[in-house]
Amino acid sequence: MSAENPVELIAPSFRLQRKMGGPASRMLTPEAYRKANAALEEVIPPIDDEVRRLLQELQDALQGEMPGGRDIMWNNAHEIRGLAGTVRKITLGQAANLICHYLNDTASDFVPDQGVMQTIVVVAHQALRDEADTDPMIKVLVQDGARAVLAQRHREGRD
């Protein structure tokens, strides 16, 4: 290290560290990190749009507007759960995880409890807001949703 060749420190974004961290990250060059950070920023808006579409489709299935509702709800919640971190919406991922947990181990013709599901879907819609991950009320709503899921699974004999 000298004055002629200063060292440039590149801090990958937290999302990028979570996606590419670990031993493999030691092989990435500074230019590769720059490109990866830029690429990640470019894909966030279309992924965010897709997450919103999936959530709306889940809501439509819950309201009985689509055949195969249980499978649509579980598949969409599973996909939202996987994409939520990429679009910086951790609480949304937690709400989607509650839906997956509630619907796990159910048959395709299972009819979920409307109250429990609607509660979680409302939380998921609230979690779409940019500031949701720092909103303590949303965290309380997710915790309430988790308790509702556990209670309902117990009532259904699935605990």
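Fair warning: this is a prediction, and the values are worked out from it, not measured in the lab. What's counted below: heavy atoms across the whole structure, side chains too, no hydrogens, waters or symmetry copies.
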Rounded to the nearest 0.5 angstrom, the CD1-CG distance for Ile120 and Leu141 is 11.5 Å

Find the distance between CG (Leu83) and CD (Glu50) and round it off to the nearest 0.5 Å. 7.5 Å

Path from Val122 to Val51 over hydrophobic side-chain contacts below 4.5 Å: no

Flag the pair Arg53 and Asp49 as a salt bridge only when some basic side-chain nitrogen lies within less than 4.0 angstrom of an acidic carboxylate oxygen. no

Working to the nearest 0.5 angstrom, can you tell me the gap between Leu150 CG and Arg155 CZ? 10.5 Å

Exercise: do Asp60 and Gln56 side chains pair donor with acceptor under 3.5 Å: yes

Are Lys89 and Asp130 ion-paired here, with the side-chain N under 4.0 Å from a carboxylate O? yes

Roughly how far, to the nearest 0.5 Å, is CG of Asn97 from CG of Leu92? 11.0 Å

Arg158 and Asp105: CA distance, side-chain angles, deciding distance, salt bridge (Lys or Arg N to Asp or Glu O under 4.0 Å) verdict: CA-CA 8 Å; Arg158 299 186 301 120; Asp105 307 321; 5.6 Å; no

Any salt bridge linking Lys35 with Glu42? Criterion: basic side-chain nitrogen under 4.0 Å from a carboxylate oxygen. no

Output all residues satisfying ring pair (Phe, Tyr, Trp, His ring centres under 6.0 Å) with His78, sequence neighbours left out; order by chain, then residue number. Trp74

When rounded to the nearest 0.5 Å, the distance separating CG of Leu128 from CG of Leu55 is 5.5 Å

Not counting sequence neighbours, which residues clear side-chain contact (heavy atoms from CB on, under 4.5 Å) with Asp113? List them please. Tyr102, Val116, Gln152, Glu156

